[in-house]
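This report refers to the structure that appears directly beneath it.
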Amino acid sequence: MKGNFYFSLLFKLSVVWAVFEPVVSEPCPIRGESRVQTNGQMCQRPCTSNADCPRRRKCLCDGLCGLSCVSQGRTCLWPLEIENAEVRLTTGAHSFGKVAEVTCKPGFKMLEGQEVTWIQCQGDRKWSRPLPVCKAEISQEISCSFPDVIENGFYRGSDFSQGKSIQYFCHPGYALEGFGENYCQEDGTWRFPPPSCHQVFCPPPAEIENGYLVAVQKPQYEVSEMVYYLCKKAFTLDGSNRVVCLANGTWSHKPTCRSRCKIPVKRSRFIYYDSKVWVQEVVDGVVQHLDTVSFYCRLSGADFTCSYTVQSQCFDGTLPLPDCYEEPTWLQYMLFPKRLVSEITPC
Ligand SMILES: *[C@@H]1O[C@H](CO)[C@@H](O)[C@H](O)[C@H]1NC(C)=O
């Protein structure tokens, strides 16, 4: 406050000086000591009248230093650069006693919130201190209006002040169209228009080969709706028979109807579901898709022969026989049943 008072006093004085060329008469602090520093100002020799000063110096009011012997011709630094401010000489001169007006650029303010102040050229050839500082304006708490409420969706976030963001979400079965995140801008408006949520549908589910679709015929299906598939007789469903419409409008999967496999051996036993059986003992002589069957193979040496098993899996109608498997002939089967590969000692 005191500083301001002085500045405004200085300014008024300086205007008076500028117009009339100084005549010292206004109150000016009187100082005793000869050379002191006041507020960073180097004071000149104190005086009470021009008679106290050397020639070419006059007894003038030098700001806080009070009446001092100053040289009116001495100048202060010019041009003067102050960050984020415009500096302008009020009288076009920058010599003792002259005043410069400092105006902060838009968006900047001085420490006490003012945008303009005046500095004066002192007897020590310095501009009066402290030099003003223009700081970026601390913006008022700018907030955006409450975010738009959207149908079939909602937003998350509770801070709507500038620079903050909120997120939009759609209810299950709805897809977001537009911007899922919105930002409160510096001018207090939202950056994007609110998004919308539109309902997601699945297209009619696909038909499958060798099977049936169990579903109500409709042009479109809602998310989470389910349809079922069945396979024709003699076919096995690969994958779950229940298919669901997903949130992105696609079906969870498409099951496949796989063929069963004919067991390709006649005259030896094999292992199927932990039982050693003849083909006649298996219904229709077929196994299901993905079922495994172990066939017997023979291992022969100079003085021994034994059997070992090799596993095979039914896949969509094909149950491959292992390379080592040899189908016994009809004669072997009829005459030497104990010597069939599946009946000899295991290795
Ligand atoms: C749909 O969603 C599922 C599961 O989230 C995903 O596996 C699939 O790739 C998506 N499909 C498309 C077309 O985005």
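These numbers were taken from a predicted model, which means no experiment stands behind them. Heavy-atom basis, side chains included; hydrogens, waters and symmetry copies ignored. Whatever order the structure lists ligands and atoms in, that order sets their numbers, starting from 1.
Using bins of under 30°, 30° to 60° and over 60° for the plane-to-plane angle, the ring pair F160/Y155 lands in the perpendicular bin.
Taking 4.0 Å as the cut-off between side-chain N and carboxylate O, E281 and R269 do not count as a salt-bridged pair. Using a 4.0 Å cut-off between charged side-chain N and carboxylate O, K338 and E343 make no salt bridge.
At the shortest separation from atom 14 (O) of ligand 1 among protein heavy atoms lies N248 ND2, 3.2 Å. Shortest contact from atom 13 (C) of ligand 1 to any protein heavy atom: T250 CG2, 3.9 Å.
There is no protein heavy atom less than 4.0 angstrom from atom 5 (O) of ligand 1. Within the 4.0 Å cut-off (strictly below), no protein heavy atom is located near atom 9 (O) of ligand 1.
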Full working for side-chain contact (heavy atoms from CB on, under 4.5 Å) between K98 and T90: CA-CA 8 Å; K98 298 291 189 274; T90 57; over 6 Å; no
